[in-house]
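Right, one structure below, let's go through it.
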There are 2 protein chains.
Amino acid sequence: MGLSERQQRIYEFINRFTREKGRPPTIREIGSHVGISSTSVVNYNLNILAREGLIQREKEVSRGLRIVGAQAKALVGEISFVQIPLLGKIAAGTPIPLPTDEGLMRYDGETLALTRELMPDSEGVFALEVKGNSMIDALINDGDIVVMKKPQAVQNGDMCAVWLKDKNETTLKRVYREHNNRVRLQPMNPTLKPFYADARNIEIQGKVVLVVRQLRKLPA
Amino acid sequence: MGLSERQQRIYEFINRFTREKGRPPTIREIGSHVGISSTSVVNYNLNILAREGLIQREKEVSRGLRIVGAQAKALVGEISFVQIPLLGKIAAGTPIPLPTDEGLMRYDGETLALTRELMPDSEGVFALEVKGNSMIDALINDGDIVVMKKPQAVQNGDMCAVWLKDKNETTLKRVYREHNNRVRLQPMNPTLKPFYADARNIEIQGKVVLVVRQLRKLPA
DNA sequence: TTATACCACGAACACCTGTTCGGTGTCAAG
DNA sequence: CTTGACACCGAACAGGTGTTCGTGGTATAA
């Protein structure tokens, strides 16, 4: 069933008010902002919004209404974010600008905000923008943003940024330690073959935990 | 300056109450749950919490409290974000579960929250989880989350989910309309060759605007 | 016409809510 | 001891707040 224009305005006002003030409005606050003089009319329309399932009401409680649905969580801070420092760029030919713990703490520049749902473990993480398409093997494209974690406890199979000392090159691969100091570097693309290196010849610069790619128009 | 145990309990109660009920508590609600009989005592401690910068108070307004926790930025309002309905899965062999406008409005299930910085245009967008690695060509892996937009204004070069009618298959490619109803489907991986199809033989199901990949451990 | 929803208005009521004030006890500094 | 800061209590007050009730206008259907 459709909503009247008045009901839509009420709904939007509740939404905006709650977001801005951090609490739902009272009946009279709704009325005065939407242009309704009588509290009973507001009450009447609120009941309709509740019947339509757009809001929830709690009886005889001041400000006892809340917006239903996914957006509601947002309004009261039920979604928590992690701010990840955007440290710079990563390219094949240059090592990663490794951050210090101190630097991460005090970082005050650009950040990438992600929900804690996506980043359950945000200790010592930082983000880099990928330059060039040298990491296509790892399913990572030019312009992608990779979120990395400082390489403390790298486990077999972790996706890591590896600095190849002999080639002076950074690459992203899954890392498996094997016997005799040998390390297997497996591209993420499962159709590609692994690559082997000596453990003394590589340096693990970070563990990739997340990749974000924004698609924008490309010059054909 | 440290907080008394009472003040900590008040603070935690406000936090929990707000999250659960969608509105801040009243002074008396705080008192009865924390074990304080007098409203003035609650008021007294609230002023201390406000002085310490842990909450904000608004004078002479019912439920005029809000938390300003350590993640101040991440709380309501300071980070502007959009919630994207997580509609289901996308696989090569099945068409996309296309949402209606109405359905997107009222959606109440799982969502993916992203900052507006990452999603400047959130009209008619929805998210799908990729099943299978049939879209490796498009640099998209099993388990990735793709954010798509309803295909209203598809421009040349847009990355689209295309349903190939003759093959009964969904694929992700960059789409270029060419002369004579011919459409060029270009894999995202620039090392791969394009693919051509008849425009009447394909159906564009959505435009990919963003991809998120969480890296978890893989069974070797 | 009559009936019936639907939508709106204003007023009144009872309770809720933030604020204020006088008073009590404790503890450390003077 | 006296003083003052601190933490707390109970009570009262003025205004806020959800609810209810009587009323009336406007469509649409019988």
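The chains referred to below are lettered A, B, ... by the order of the sequence lines, with proteins before strands, and numbering in each begins at 1.
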Practice task
Between dT19(D), dT17(C), dT17(D), spot the one nearest the side chain of Arg28(B), thanks.
Solution key: dT17(C)
Fill in the blank from the handout: In whole angstroms, the gap separating P of dG18(D) from CG of Leu49(A) amounts to 15 Å
Show me the donor-acceptor pairs within less than 3.5 Å that the side chains of residues 34-41 of chain A make with the rest of the protein, sequence neighbours left out.
residue	atom	partner	partner atom	Å
Ser38(A)	OG	Ser40(A)	N	3.2
Ser38(A)	OG	Ser40(A)	OG	2.8

Practice task
Could you check which residues of residues 33-45 of chain A get a heavy atom under 4.0 Å from DNA chain D? Sort them by number, please.
Solution key: Thr39(A), Ser40(A), Asn43(A)
Handout entry: Rounded interatomic separation in angstrom, taking CD1 from Ile48(A) and C1' from dA8(C)
Key = 11 Å
Fill in the blank from the handout: Here the distance between atom C1' of dT20(C) and atom CG of Asn47(B), to the nearest Å, is 12 Å
Practice task
Answer with base, sugar-phosphate or nothing: what part of the nucleic acid does Leu65(A) contact at a heavy-atom distance below 4.0 Å?
Solution key: nothing
Practice task
Ignoring backbone atoms, establish whether Arg57(A) has a side-chain N or O less than 4.0 Å from OP1 or OP2 of dG18(D).
Solution key: no
Problem - Derivation and outcome, side chain to side chain contact (heavy atoms under 4.5 Å, CB included), residues Thr115(A) and Leu112(B) - result: CA-CA 8 Å; Thr115(A) 58; Leu112(B) 173 73; 5.5 Å; no
Exercise for the section: Please state how far atom CG in Leu46(A) lies from atom P in dA8(C), giving the value in whole angstrom units. Expected result: 12 Å
Handout entry: Contact under 4.0 Å: Thr26(A) side-chain N or O vs dT17(D) OP1/OP2
Key = yes
Problem - Arg66(A)/Glu58(A) salt bridge by N-O under 4.0 Å criterion - result: no
Exercise for the section: May I ask you to decide whether Lys150(B) forms a salt bridge with Glu123(B), counting only side-chain N to carboxylate O separations under 4.0 Å? Expected result: no
Problem - Nearest-angstrom distance from the residue atom CZ of Arg6(B) to P of dC6(D) - result: 17 Å
Exercise for the section: State whether Lys149(B) and Asp121(B) are salt-bridged, where the test is any N-O pair (Lys NZ or Arg NE/NH1/NH2 against Asp/Glu carboxylate O) under 4.0 Å. Expected result: yes
Handout entry: Spacing between Ile27(A) atom CD1 and dG10(C) atom P, to the nearest angstrom
Key = 16 Å
Practice task
Calculate the interatomic distance between Glu29(B) atom CD and dT17(D) atom C1'; express it in whole Å.
Solution key: 13 Å
Handout entry: Minimal non-hydrogen separation, Phe13(B) against Ile30(B), with atom names
Key = CE2-CA, 3.6 Å
Problem - Atom CZ of Arg177(A): over 12 foreign heavy atoms under 6.0 Å - result: no
Handout entry: Integer-rounded Å distance: dG18(C) P and Gln56(B) CD
Key = 17 Å
